[in-house]
Amino acid sequence: MLWFATETSIRNSTVNALRLASQHGFTSIAFPLIGTGYGSFSESKALELMSHAIEQSTERPAEVRIVKYKA
């Protein structure tokens, strides 16, 4: 409840989820913008960090999507 997102936590969460999805044989994965809700992180910066982590990852499913929910 008192957790705030950081660049490192967003990057690591993305990379770890991609690795797990790949290890389990998933062909796709969808992410919400990590850290932007209760984590109080900027949506645009989170999108940038996640996109970069996905592009750099060597372990990932064939289809990766980042989903932005509208309130």
Side-chain angles (χ1 to χ4, degrees):
M1 292 184 158
L2 298 175
W3 178 80
F4 289 97
T6 64
E7 289 187 13
T8 301
S9 68
I10 292 169
R11 210 177 291 113
N12 288 346
S13 294
T14 303
V15 169
N16 289 332
L18 291 170
R19 184 173 49 251
L20 284 170
S22 179
Q23 289 173 354
H24 288 283
F26 297 165
T27 58
S28 64
I29 188 170
F31 288 97
L33 286 175
I34 296 172
T36 61
Y38 289 112
S40 300
F41 205 85
S42 157
E43 287 185 4
S44 61
K45 185 64 176 173
L47 179 59
E48 178 185 324
L49 292 168
M50 292 175 69
S51 296
H52 184 72
I54 291 165
E55 290 169 7
Q56 298 299 311
S57 177
T58 58
E59 289 186 280
R60 66 175 184 256
E63 184 178 353
V64 181
R65 293 183 185 219
I66 299 174
V67 179
K68 181 179 176 184
Y69 293 99
K70 292 183 181 179

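Small disclaimer: the values here were computed from a predicted structure and weren't measured.
- Residues L47 and F31 are members of one and the same hydrophobic cluster, defined by side-chain heavy-atom contacts under 4.5 angstrom among Ile, Leu, Val, Met, Phe, Trp and Tyr.
- L18 and F26 end up in different hydrophobic clusters when Ile, Leu, Val, Met, Phe, Trp and Tyr side chains are linked at under 4.5 Å.
- In terms of heavy atoms, F41 sits closest to A5 at CD1-O, 3.5 Å.
- Between I54 atom CD1 and R60 atom CZ the span is 8.0 Å, to the nearest 0.5 Å.
- The distance from atom CZ of R11 to atom OG of S57, rounded to the nearest 0.5 Å, is 13.5 Å.
- For the 3.5 Å distance criterion, the side chains of T6 and T8 fail to qualify, holding no donor opposite an acceptor.
- Between the CE atom in M50 and the CD atom in E55 there is a gap of 12.0 Å [rounded to 0.5 Å].
- The shortest heavy-atom contact between S28 and P61 is N-CB, 3.6 Å.
- Interatomic distance, E43 CD to T36 OG1, rounded to the nearest 0.5 Å: 5.0 Å.
- A distance of 11.0 Å separates OG of S9 from CG of N16, quoted to the nearest 0.5 Å.
- With I66 as reference, L33 is the one residue of I34, I29, L33 to meet the side chain to side chain contact (heavy atoms under 4.5 Å, CB included) rule.
- Between I10 atom CD1 and E48 atom CD the span is 10.5 Å, to the nearest 0.5 Å.
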